[in-house]
Amino acid sequence: MLWSVVGALCAVPFAAASAHSVKHLHGRSSASVQSSPDPSVPGLDEAKWLQSRAEAQKLVAQLNAMEKAAMVTGSLTGLCIEYIAPVQKIGFGGLCIQDGPAAIRVADLASVFPAGVTVAATWDKDLMYERGAAMGDEFKGKGAHVALGPVAGPLGRTPYGGRNWEGFSPDPYLTGVGMDRTIRGIQNAGVQANAKHLIGNEQETQRKPATINGKTVAAVSANIDDRTVHELYLWPFADAVHAGVASVTCAYNRVNSTSACENKHIMTNLLKEELGFQGWVVSDFFASFGGIDAANAGLDMNQPGPISIAEMTDSLWGANLVTAISNGSLTETRLDDMVTRILTPYLYLGQDSKDFPSIDQSGQPLFLENFNLLKPGTPTPVGRDVRGNHSALIRTIGAAGTVLLKNTNNTLPLKASSNIGVFGNSAPDVSSGLYYPDFGFEIGTVVIGGGSGSGRNVAIVSPLDAIRDRARSTGSTVQYITNNTALASGLPNVYPFPDICLVFLSGWANEGQDRVSLETDYNGTAVVESVTKICPKKTVVITHSAGPNTMSWATNEDVVAILAAHYPGEQSGNSIVDVLYGDINPSGKLPYTIAKKEADYGTTIKKVTGALAEDSSAWQSDFTEGQYIDYRHFDAKDIAPLYEFGYGLSYTTFELTSSISTSKTVPASVSPYPAVANTSLALGGNPNLWKTLVTASSSVKNTGSVSGSAVVQLYVSLPQDNVPSGTPIRVLRGFDKVPLEAGEEKTVSFSLSRRDLSFWDVSAQDWKIPSGDIELSLGFSSRDLPIKSRVSLL
């Protein structure tokens, strides 16, 4: 049947290319980036949205039931990874929906941006926005109406999650800021953003139904209590809705035993009613299993349409929705709501304009290739180049998202070296092509992970190439060995011994499977031990990884510097050279905790083996840890990490130079619960939750000799005597990245909303401010908080 599918897809004519002038980001050098316009402006123009919704309702009134059904059901044409066909009678041009959160995956001549985890490691709100805006430009340039990203699920319950790198951080506040800024950037470029995956998508193992020994076994069920849902996993989705996100993807997994895409509680009760979401909910690719039940539960769009690509069988929706209306199992009012939700952001963002670019002509063969269906001889036209000067931004983010973890005796930035050793499998060009296969590869720099969150690299600047380019300008010699197998067994033919040894290690992760170890891949530890033998007290280790790695070699005195460079995007080599040589002062901070040993994390992947694996009821992942993940877990259990959440060194030093000054923006006391707000749009929930109640400020000074950026972090501790058990000791509730010249001092201020100072009261089903003193702590990491203050609101 596969080749018949190829014939059917190839029969669809290629969309004609149209000229599109891609907006260029602000002119900037490769080593700096101009700040974006303030991204804290409202994400949605309420009057314009309401007008667009009214126009959408008028268009829906012109459609018959079959036309409406077609607008909510995917049409597998191969033009885009997901597609909704046009309806000419109302001027609807269709929807081209493309992966993903870091690049247009099914595209050529497009950029591969740094992964979400890298962006989180910048702790830079402006760069988060700039990346979103640049990606929006590229998606629009390729004729895509919807970008499937950013990612808040997985949040990162366990460091073994195979897709954690697509998202931002296991901290919901940091992830929420990343969601907010990315969404505003994408949508201000005229493209609909998509927040995914709602919710509990915290592992790849049995993430969706599978056939095991001939038996169909249901997806793993994420069993999460109400308070943990609100304060942890739903928190960043509230930020996404508050930013005006156009669409949300529901997940493959079950939530409390019900499939996420059939789960009325999470799609309707929580997302649409409690959070006031106005857009549309779409199934993950083949994640809708319940037909009409999913529509009644709150699903608005079924993708990709057919039940199976291989068989091209009929959709659960399509004509079945019309039948459901006729037999009373679905109301036409509900179908109208589904179409209205889809049309509203389409109109709001002006995607009905004749000037909106057509779908890029390279989309269809790339779609076919993505599913291994590209028939020999199929035309492979060159697509539009939408990259602009985005390489400069990618380079900047890659450097800003690099975290300096160790720097003994100020080894970095590199001094004059006549002989540089470069070792490790993440230093050279990719050996198996520029599009990363889902199984990874042994030799080649890792700039992004695998799966739908990946991207097709047009070009990669490898660290080895960038280091050799820099060495040529200084007359240095570069010796290198990039085969880890050879390195682990010794270092032959290295002569003379290098002045400095740079070791590049990799940690691969991809959709569809979870990490089995937090060690770096391909004998990374053995490689470090081997290199230190010829480079005692001169070895620098750089990791390109999806998240936390165990680092048994971190305390080795011969390892004098460590840099976590994450997945930096296509400018990987230039980004790391900028940091190594001091062109950029490292300012990245860890968006997660690095443990001394794997067992310290406490949460693992749910696995079922043997005969039990065939039993759907056995696949229950009970989130009994509640909110105690990552640094919250380490704090609760009083476990000393190797490097704590929020940690990161610089080539200069910073100091907080004043106490915390607090002021209330409300009367002397407030009510424990927010007042009900009357508004036509309550994006993100009750608007009173988003109002500032307290402002806190202090001063930070660069006490070193070179310019740099301090990341000042604010943590909130609710009074433990007046909150339910399971409340974290402290939670991040503010951060600011402050550029400072040597000796310069600036004031840093934070606004704390009602939501920031509340917990979810499961009895009242509302957010509640506790009585007693709330502690505010200010510092440079979750364990470096020298300045404290208290505030009471009740």
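If you read the sequence from its start, that first residue is 1, and numbering goes on from there.
Listed by first and then second residue, the salt bridge (Lys or Arg N to Asp or Glu O under 4.0 Å) pairs involving residues 411-422 amount to none (not counting sequence neighbours). For residues 583-604, the pairs satisfying ring-ring contact (aromatic ring centres under 6.0 Å, His included) are His566-Tyr592, Tyr601-Phe634, with sequence neighbours left out.
In this pair, Phe645 and Tyr631 present their aromatic rings parallel. The plane angle is below 30°, not in the 30 to 60° band.
Nearest heavy-atom pair, Ile443 versus Pro428, reported as atom, atom and distance to 0.1 Å: CG2-CG, 3.7 Å. The two residues Ala103 and Met135 come nearest to each other via the heavy atoms N-SD, 4.3 Å. The shortest non-hydrogen separation linking Asn702 to Gly708 is ND2-N, 3.7 Å. When all heavy atoms are compared, the tightest approach of Thr539 to Val503 is CG2-CG2, 3.8 Å. Closest approach of Arg783 and Ala640 over heavy atoms only: NH1-CA, 4.1 Å.
Under the side chain to side chain contact (heavy atoms under 4.5 Å, CB included) rule, Thr652 has a single partner from Asn585, Leu740, Thr703, which is Asn585.
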Derivation of the side-chain hydrogen bond (donor to acceptor under 3.5 Å, both in side chains) call for Thr158 and Gln203
CA-CA 8 Å; Thr158 167; Gln203 67 176 63; over 6 Å; no
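Under a 4.0 Å N-O distance rule, the pair Asp635/Arg632 does not qualify as a salt bridge. A salt bridge is defined here as a Lys NZ or Arg NE, NH1 or NH2 lying under 4.0 Å from an Asp or Glu carboxylate O, and Arg395 with Asp583 fails to meet this definition. Salt bridge annotation for Arg387-Glu138: absent, with no cationic side-chain nitrogen under 4.0 angstrom from a carboxylate oxygen.
Tyr173 has its ring centre no less than 6.0 Å from the ring centre of Trp123.
Both tests do not hold together for Arg515 against Trp165: distance to the six-membered ring centre under 6.0 Å, angle to the ring axis within 45°.
Residues Ile467 and Tyr480 are not in side-chain contact: their nearest non-hydrogen atoms beyond the backbone lie 4.5 Å or more apart.
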